[in-house]
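Take a look at the structure below.
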Amino acid sequence: MSTFKSDFLRVLQDRGYIHQCTDESGLDALAGKKLIPAYIGFDCTAPSLHVGSLLGIMMLRKLQQAGHKPIVLMGGGTTKVGDPSGKDDSRQLLDDTAIAENMEGMKQVFGKFLSFGDGPSDALMINNADWLDDLSYIAFLRDYGRHFTINRMMAFDSVKLRLEREQPLTFLEFNYMILQAYDFLELNRRFDCVLQMGGSDQWGNIINGIELARRVDGRELYGLTTALLTTASGAKMGKTAAGAVWLNEDMLSAYDYWQYWRNTEDADVGRFLRLFTELPLAEIEGLAALEGVEINDAKKILASEATAMAHGRKAADEAAKTAQQTFEDGTIAEGLPTVEMTRAELEEGLGLLSALVRAGLVQTNGEARRHIRGGGVRVNDIQFDDERGLLTAKDVSSEGVIKLSIGKKRHVLLKPV
């Protein structure tokens, strides 16, 4: 167990969050004697965050639970540039309208994990466009650009890996690390923010901010990162064959979110329980030690606890009930994802390929064909192997739906209206 004295760092270490820290003893001493504001930045590249961002959100939550102040920095300004970290090519540039719409969608999730308000440890949500949009370019370069050398910037992984792969790095993206460093300086000036957290791919950007504050204002700031999460088999967190695992329910149902966690690999159960739930560590050790079919009980607990945090306890319980009805009781559960269609479509006959795409089980007709040829498609739990087959009114079950399935774990109900 950890030797940290501050509650904040002790909890982070005991639950497996810490990967790198610029000055562990200094940060530990500071967090032990005073309230510290700390931030994580989130660029507005999509209408919702996905599971890949959940680790950072959980760190902000632990920070607040330890009595400190979380700052959620929305990248209304930096999104206009695009972070090159971990990317082989340039991010698609978004206009101001798209960025604003994405920001509104992303904001929905934070209130489920953090308490916002005017109190000392209440969370703040800040938009870096508030200062980046008004920068005078020449003055900014003169005052801050002189503190960054091309030699050092070329050494950062976000730049070096892109160049090693012979992928272009635009001058626009090259500016990103300067802007992020300036964010840290500005947050320190405005809110006395002393700590930036993030994934390990942000280490270079965080170091830049620390050094900029030291050179310009003589301030001592800190950085802390988590390892970029992959599953035991090496898959990247937040991505599945069906697409991104979004945190907003309007982009991914609570049931599908529950299923994502239920399908956790055996070797990841203990680690994910520590990182993504608030169960006591002693209980987690017992669950992680389960073997054989019993590990499935631990996966269900992980799924329910993670879903309760993101979608509420009621939604988590309903998702668990739906899963039990679908996989254990052999019935058609009302809680399965449902896609409506007109009765007229069934009267004319709806092609199975189109139905699978419509249900969101596949992205294209070609993908649907591959699943059918592999024997993975079922209609009302009966294997369906006719690529040219049609769904008609005869396929509507006594429950008034058609159940489409790919594999054993992905199901959608088509409901005629």
Side-chain angles (χ1 to χ4, degrees), residues 39-50 52-53 56-57 60 71-110 124-148 150 153-154 156-159 161-163 167-191 193 196-199 201-209 212-213 216 238 244 246-248 251:
Y39 92 96
I40 297 179
F42 300 87
D43 278 347
C44 309
T45 55
S48 169
L49 295 170
H50 59 67
S53 300
I57 297 173
L60 290 174
I71 298 175
V72 176
L73 183 66
M74 305 299 287
T78 43
T79 306
K80 299 173 185 177
V81 176
D83 184 2
S85 302
K87 296 291 180 182
D88 280 342
D89 48 23
S90 300
R91 293 180 186 268
Q92 179 183 357
L93 292 180
L94 304 176
D95 60 26
D96 289 354
T97 300
I99 291 172
E101 290 174 351
N102 286 346
M103 189 183 302
E104 287 305 308
M106 289 168 55
K107 285 180 179 179
Q108 298 175 29
V109 72
F110 291 103
L124 292 177
M125 184 175 290
I126 309 296
N127 183 354
N128 63 13
D130 292 348
W131 52 82
L132 295 182
D133 281 0
D134 295 331
L135 287 177
S136 173
Y137 186 63
I138 298 299
F140 179 73
L141 288 181
R142 181 193 62 213
D143 294 340
Y144 304 105
R146 61 191 175 91
H147 296 290
F148 297 84
I150 296 296
M153 294 166 78
M154 293 283 287
F156 286 124
D157 286 344
S158 59
V159 174
L161 293 176
R162 179 83 72 85
L163 297 180
Q167 298 292 335
L169 180 74
T170 68
F171 179 70
L172 180 67
E173 293 173 287
F174 206 62
N175 279 269
Y176 188 93
M177 60 184 73
I178 302 178
L179 295 178
Q180 184 170 328
Y182 182 72
D183 280 345
F184 201 177
L185 175 65
E186 195 70 32
L187 287 170
N188 177 254
R189 289 171 171 175
R190 294 182 181 219
F191 307 104
C193 180
Q196 182 182 356
M197 301 185 292
D201 61 334
Q202 296 298 314
W203 181 248
N205 291 336
I206 293 173
I207 295 297
N208 275 336
L212 182 64
V216 174
W246 301 109
L247 298 182
N248 287 8
M251 295 187 66

Shortest non-hydrogen contact from [X] to [Y]?
X	Y	result
Gly76	Ala129	C-CB, 3.8 Å
Trp131	Glu186	CD2-CG, 3.4 Å
Gly77	Asn127	N-OD1, 4.0 Å
Ala181	Phe148	CB-CZ, 3.6 Å
Ala98	Leu94	CB-CB, 4.2 Å
Met251	Pro47	SD-CB, 3.9 Å

- Task: Decide yes or no on side chain to side chain contact (heavy atoms under 4.5 Å, CB included) for Tyr182 and Leu135, but give the supporting numbers first.
- Result: CA-CA 11 Å; Tyr182 182 72; Leu135 287 177; 3.9 Å; yes

Gap separating the [atom1] atom of [X] from the [atom2] atom of [Y], nearest 0.5 angstrom:
X	Y	atom1	atom2	answer
Met74	Thr79	CE	OG1	8.0 Å
Tyr144	Leu179	OH	CG	12.5 Å
Gln108	Met103	CD	CE	13.5 Å
Asn128	Leu187	CG	CG	8.5 Å
Ile206	Met197	CD1	CE	9.5 Å
Gln180	Asn175	CD	CG	13.0 Å

Hey, is the main chain of [Y] close enough, under 3.5 Å, to the side chain of [X] for a donor-acceptor pair?
X	Y	value
Arg146	Arg142	yes
Ser48	Asn248	yes
Asp43	Thr45	no

- Task: Only counting residues at least two apart or in another chain, list the ones meeting ring pair (Phe, Tyr, Trp, His ring centres under 6.0 Å) with Phe110.
- Result: Phe42

- With sequence neighbours excluded, tell me which residues meet ring pair (Phe, Tyr, Trp, His ring centres under 6.0 Å) with Phe191. none

Please enumerate all residues that pass salt bridge (Lys or Arg N to Asp or Glu O under 4.0 Å) together with [X], with sequence neighbours excluded.
X	value
Asp130	none
Glu101	none
Asp96	Lys80

- Step-by-step side chain to side chain contact (heavy atoms under 4.5 Å, CB included) determination, Leu132 to Val81: CA-CA 11 Å; Leu132 295 182; Val81 176; over 6 Å; no

- Task: List in chain and number order the residues that pass side chain to side chain donor-acceptor pair (under 3.5 Å) with Asn208, two or more places apart in sequence or in another chain; answer none if no residue qualifies.
- Result: none

- State, with a plain yes or no, whether a side-chain heavy atom of Ile126 is found less than 4.5 Å away from one of Tyr39. no

- Query: If we only count heavy atoms from C-beta on, is the Leu212 to Ile178 side-chain gap below 4.5 Å?
  - Reply: no

- Query: Do Gln196 and Gln202 have side-chain N/O donor and acceptor atoms under 3.5 Å apart?
  - Reply: no

- Message: Please determine whether side chain to side chain contact (heavy atoms under 4.5 Å, CB included) holds for the pair Thr78 and Leu73, giving the CA-CA distance in whole Å, both sets of side-chain angles, and the decisive distance to 0.1 Å.
- Response: CA-CA 10 Å; Thr78 43; Leu73 183 66; over 6 Å; no

